[in-house]
Structure formats: C-alpha cells, structure tokens
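Chain letters run A, B, ... following the sequence lines, proteins first and then strands; every chain starts at 1.
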2 protein chains.
Amino acid sequence: MTAIDCKTNVPITLDGAEALAGVQRGGDFVKKDSSRSSRPNMKELAEALNLDRSTVSRALSEDKSHLVGLETRLRVREAAMKLGYRTDLTAAALRKGRTDTVGIIVSDLENEIFITVLRQIMAELHGTGLPNITPLIGETRDDLSATRDLLHRFLSRRVDAIISLAASDDQADILRSAAEQVPIVLAIRSIRGIDLPSALCDDQAGGAMVAAHFAARGHKYVCQVQGPVAAATFRNRALGFSHVCKQSGLVEVPSSLIVRNATTQEGRDSFASILNASPRPTAIFAHNDSIAIGLVEDLRSGGFRCPEDFAIVGFNNTQISRVLAIPLSTVDYPTVEVGRHAARLVSNLIENRDYAWKTSVFSPSLLVRASS
Amino acid sequence: MTAIDCKTNVPITLDGAEALAGVQRGGDFVKKDSSRSSRPNMKELAEALNLDRSTVSRALSEDKSHLVGLETRLRVREAAMKLGYRTDLTAAALRKGRTDTVGIIVSDLENEIFITVLRQIMAELHGTGLPNITPLIGETRDDLSATRDLLHRFLSRRVDAIISLAASDDQADILRSAAEQVPIVLAIRSIRGIDLPSALCDDQAGGAMVAAHFAARGHKYVCQVQGPVAAATFRNRALGFSHVCKQSGLVEVPSSLIVRNATTQEGRDSFASILNASPRPTAIFAHNDSIAIGLVEDLRSGGFRCPEDFAIVGFNNTQISRVLAIPLSTVDYPTVEVGRHAARLVSNLIENRDYAWKTSVFSPSLLVRASS
DNA sequence: CTGTTAGCGCCTTCAC
DNA sequence: GTGAAGGCGCTAACAG
C-alpha cells in the first residue's frame, strides 16, 4: 500500500489578496483570474457577452430559448462554443430539483438478459421521452444489504426515478419505503407484497410452452432444473411447466431439482441427479440457457446424445445458444418489449408522478432448435 | 408524446407570508410546514435541534465530526436517523466542488472481461481510498461519437475522474482534451498518441506464451484468428504470437486472418478459411475465448476432433471456457490486478491531481487444458 | 466547541 | 426581449 496524503502536500503559497481572489475548489486554492485558461461558468460567459446570466441561461436552454431574441441567442451559443462553456449539471440539478438521472438496479452484470434489457432501457430513454438522462447503474448480486445501500445512494443522489431489475421478495419493505420518495419501476422480476408498475415476461406461459412441446414430442418422463425460488421469475417458470405436465400426463422425475445459482457450473453438477433418477427422464427443461449449456456439456462428456438420449430446452435465447454445435432449443425472452415498457413507465412517472401507471406482461415464445 | 405541464396545474393558493415560507421544488410550490411528513433537509433538522446548520453538517460528516462535542454529535445523528434525514449529495457536490462520482467507459457490456474488471474497480474504490463513490457507467460499443457524447455527459456532470476501458486510437484527440479537465485513467486498452496513466495486460507476452506452447507441443503449421486491430489489445497479441513463431520456426497459415468482431459467431465463420488453408494448420490461437468457442463448435460440427485434429487456445479464461465438454486452453487475464491498479490510480489522482501517476502492465498466464 | 456568513452555478419568478 | 434578485441544500472559512 502506498500511503498518500496529499491534502497537505501542495506547496502553494499565496499572499492575502490573491488568496481571497482565488476560487476554492476541491480543497485547493486555484487562481482564477479573468484571463482564465479554464472553461468559464455561466456568469463569466454572461460578462464576456455583456448580458445578464438569466439571458444566457435562457438562450442556452432547450425549452426556453424562444424567449430570447434570435440574434442574441446565436451570439450566446457561438460564444459558449468558442469559450468551451459547459453546463454544470450538478448546479442545474440543485436548482431544478431534478437531476436527470435514474438509478438502475441489476442483480448480475454478467447475465446477458439483464444487459440486453438494460441497453434497451437506455436506448429508449434517449429516444422517447427524456433526452439526456444519465443512468446510475448498480449491481446487487441479490444481496439484501447491497440493495439497501444502493437504494440509499440513489436516493441521496436524488435520482428522478429508479428501475429495479433485481427485485426479490425480501426487499418488499425497503422498496416500499423508497417508493414513497421517488417513482420505482420493476422490470423482469416482480415480487410479492408490493404493487409497483412493472414490465414483465410471462414466465408461466414460457414454462407451459416447454411442457407442451415435450408432450407433443411424445416424452413421458421429464424434469426441470429450477433456478433459485427467491425470484418470481423461476417460480413462475416452474409453475407453468408443472401445470401443463399434470394436464398432459407427463411425470416429473425427480419431482424437484433446484440449483442455488442459475449457472453453467451448477447445470453440469445437476446432471448426475438426473442420471440417477428412476425412471430416467428423457427431456429436461432448464430454467435458463446457462443451466442448459451445463447440462449439454455434461451429458456430452458422459457419452450421451442430445436430443436422442436427452432433449433439452433452455430459456432466454442467449447468443451462445444459437452457435452451439447442437443449437439449443430455448424460450425467447421479450427483452425489447420489457425494456421499452420499463423506460416508458419511468419517463411518464418522471413527467407526472401521478401518471396512471400500469404493469405489462409480455409473452415469450418457444424456439425449437436441435436440442429437443 | 403526452404533453404534461404541471407547473401551473397545482391549485394551491397561498397568501403572502405562506408563499414566502413555501419551498420551491422542481417548479411546483410545495407547502412545507413544520409538521412535515416528508424528510427534512439540513436546515430543518438544525431547527428541530436548536442548533446551527453548520454544527449539524459537521456532526454528520465523516471527517469533521470530531470538531463537535460528543453529546451534540450523538444527538444530531440520532435525530437525523429518526427524522429520516438524508444528505442531498447534489447540493454537497456543488459546494464541495467534488461530486464523488467517476465516469467509467466500457465498450461492450456483454464482454465478461470488461465486467470483471469493472467489478474489481468498484470493489476497490469502495474498499481502499474513496468510500462512497458512485460510478457512472456508459457503453460506447466502440463508436466514436458515442464516446464523445459520453465524455461530454461525464464532464457536464462534473465527475471527479474518468476510467476508460474502451480506448481506441481514434479517440486520442477527444481524450486528450478531456484529460485537461479531469484525471483520466486507461484500463485494458492503451492507445497511440496519448500518454495517460494506465492499467494494462501484457498482451504481447500472452500471445508469445501461446506460440511457445504450440512449439513445445511439436506443431509446425499454426494460425491465429485475430480480433479487430483498432484496439491495441489484439494488435499486441498478434505481435507477440508472430514474433515467437518466427523465432521457433513455426509457420503461420493463413498468414493473416482477422475477424471484424471478436464473437463466437465470427469464430465459427472463420473456421472455413482455416480448413481451406494449405498446408492446413494443426493449432489455432484465437484472440479471445468467444472466437475459440466458435471454432471448437464448428470443428465439432464438421466431425473434427479437438485437440487431435486442431489444438485450440483462447484468451481471457472466461467462465464458460472452464465448463465446456472440452475445457478450453486459454490465457488467464489479470483482471484483479488491472482493476485494482486502475482504481488506485484514480483514487490517488482524485486526492491529488499532481500525483506522479504511473502505468502498470500485468502479466497474463497460460492455462493448458484439454483443447491443446 | 458552536454560530455567523457567504457562496458553489444555475434557473426562474418578477419587473421593466 | 432583457435585467435584477433570490434561493435550491450544503459546506467551509472566520469569529467568538
């Protein structure tokens, strides 16, 4: 560890007059004379133009520049450009009571679905609605206290809204209290015990599609490798799948197989239990593609064939699922719709806190490829 | 577009005295009486305690609370807790000339290496150095104008520093000018034409290791599937590899094979060219794991064996490389070191702009697994 | 140890 | 169409 204490290390000596004239910034005295080399603030820009700050402010603003004479407006904008003026958004935020930021909470930055939806949200925010909003992104890894910290930070930074792609049941309390202070929108995951505007996928329908597909293919014994139940996502996939199994006379063996993390590694590890089941299932529904890939890899290593010995279907339609030697059957997640809806909800809620928000649930669709 | 103008829509009528007492917020007049239900600001907290705002500020601060009597300090903190006081960091930032934010520029949020380094940076910032810094994350997808916009946004938000994991040669100008206003640190990718403190991997050494490995295994004809050359990363891997090939008498065929994007799909697509080469190479160095996986998948589909027909080595040691049916040989990227160094650089530069920054280059290491 | 005072840079009412 | 003035919430000199 290099111990560095530079607070007292800056050997700048100023005599009285200069010290007073200096502008304090970040704890150091920075001489800021009128022949400044650094960029001007609005006041300085106004002085350079012999105009009032308010006129400059209006001229530069997006929605109020019409209040300024055309000539003045152009003169201001040109000077701003030339002198390298750059709005201080922290100051603007303080004054406006609006930061033009939204906090986005993600549970896992390595998960392609979250990233895809995240991108969609950002694109949509830029396009429709708010033009130059900055997202503050935080990752929780499904840790409650990390979530609490993140919410606190976002709230302290006065974000205009929060989107959580990482909700889970244990967060109901903290989300509820946060929602009293700022609009909160849920995406991908909904939770029990709190009703917030949400953008969701119909996971139950997704699970049901897979079961129906297995039934149509003539499978009799099937199983599902379920993700953690804290998230509604996986609960619903399981529900939909099991429901149709019962309807169609499919038997689930083993009846319950839940991995702690929905990862490829755990997918691999879970294959042993399936092999040991009796009767042995011939079709496996993995709750996401990562798990599915783990299963495929492990059964390949064991000398089994896919789909002949085991049919496998994943969930999410990730990039890799398409390029595997045995392209993976999977459920396509409505990322575009979910992201777009989430973004629109926050746009509207920011513009109008009383916006009659509504939750939307979008349908996934089954993609049958080589693995089933 | 729903046009919403709530600025004039709130039919609250206040007589003179009350109007003055009212606090303006976001353009709306919000009656804020002393029996408030919303959270207090510092002034209100101070009034409730019969103290001055400055005393409250000190009592609540991390590094100046020792200036306040123990009893007062506790009283203040307790009251803050009870009344739900929450610092307004936008206001604090304006006053302090420091936002406690750093902008982080990433080219591709789906790339595991970037995410891993990003996490490391965040962890390190939280641990060492700055306690509660908020990262502003932006993705460029290697688009120059996206990068420009991002820099502009970060600068307007007055970030205390910027870390770019997405540098490329064409950004030299804009990075240089941005670096005059705020400390900038490069990670993963360095560029020509500008000298900034950086945290890098010795990609050249990585490429060299792979060539040496191929030579040791007795291969004669080899090839590399190179990533895009705009990033120094891939250029250096190619350089190191080719250099050792020449030294060791290995022949590269085809002599040059460059994909436009370093993705699994392009890896698959490139396998055809390798098959058609003559003499046909027996060992392939893929510039990252994504490409390598594409190659493996395609050769498997074609009935070839790995490593018997083709030895393959990737780069990055991604999660998936470990769990494939044929575990992938790969070069382990020093993500921890790179992330940590980048974080420390910015910490130091934020504390002291004149910090004698230095670039560090960390060594990768070859992991030989089943594919080579 | 605590209070007084003065802004940080911007936006917005109000007056002309 | 432009200027004058005040204040968003906080922190940091400077006194006492």
The criterion is side chain to side chain donor-acceptor pair (under 3.5 Å); which residues satisfy it with B:Thr72, sequence neighbours excluded? none
Can you tell me which residue pairs pass the salt bridge (Lys or Arg N to Asp or Glu O under 4.0 Å) test with a partner in residues 77-93 of chain A, sequence neighbours excluded? A:Asp88-B:Arg158
Mind checking what makes salt bridge (Lys or Arg N to Asp or Glu O under 4.0 Å) contact with B:Arg148, not counting sequence neighbours? none
Each nucleotide in nucleotides 1-7 of chain C should get exactly one letter: B, S or -. Can you fill that in based on protein heavy atoms under 4.0 Å? SBBBBBB
Qualifying residues under salt bridge (Lys or Arg N to Asp or Glu O under 4.0 Å), relative to B:Arg58, sequence neighbours excluded: none
Determine: side-chain N/O of A:Lys64 to OP1/OP2 of C:dT12, distance under 4.0 Å, yes or no. yes
Between P of D:dC8 and CD of B:Glu44, the distance in whole Å: 10 Å
For DNA chain C, determine which residues of residues 84-91 of chain B have any heavy atom closer than 4.0 angstrom to one of its atoms, and list them numerically. none
What is the distance, to the nearest angstrom, from the CG atom on B:Leu94 to the P atom on C:dC10? 9 Å
Can you sort out the partners of A:Asp170 under side chain to side chain donor-acceptor pair (under 3.5 Å), two or more places apart, ordered by chain and number? A:Ser168
Protein-nucleotide distance (B:Lys43, atom NZ; D:dT11, atom P), rounded to Å: 16 Å
Within the 4.5 Å heavy-atom criterion, are B:Phe154 and B:Val182 side-chain neighbours or not? no
Could you state the atom-to-atom distance from CG of A:Asn41 to P of C:dC8 in whole Å? 8 Å
Could you check how far CG of A:Leu155 sits from P of D:dG9, rounded to whole Å? 15 Å
Calculate the interatomic distance between A:Leu60 atom CG and C:dT12 atom C1'; express it in whole Å. 15 Å
A:Arg176: what forms a salt bridge (Lys or Arg N to Asp or Glu O under 4.0 Å) with it, not counting sequence neighbours? A:Asp173
B:Asp100 meets the salt bridge (Lys or Arg N to Asp or Glu O under 4.0 Å) criterion, sequence neighbours left out, with B:Lys96, B:Arg98
Whole angstrom is fine here: how far is it from CD in B:Glu47 over to P in D:dG9? 12 Å
Return the angle between end axes of the helix from C:dC1-D:dG16 to C:dC16-D:dG1, with five pairs used per end and rounding to 10°. 30°
CG of B:Asp100 versus C1' of D:dG9: gap in Å, rounded? 16 Å
Would you mind classifying the nucleic acid contact of B:Met42 as base, sugar-phosphate or nothing, using non-hydrogen atoms under 4.0 angstrom? base
Any A:Ile163 side-chain heavy atom under 4.5 Å of A:Leu345 side chain: no
Just to verify, what does B:Thr101 make a side chain to side chain donor-acceptor pair (under 3.5 Å) with, not counting sequence neighbours? B:Thr99
Compile the donor-acceptor pairs under 3.5 Å between side chains in residues 46-53 of chain B and protein atoms, sequence neighbours left out, one pair per line.
| residue | atom | partner | partner atom | Å |
| --- | --- | --- | --- | --- |
| B:Asp52 | OD2 | B:Ser54 | N | 2.9 |
| B:Asp52 | OD2 | B:Ser54 | OG | 2.7 |

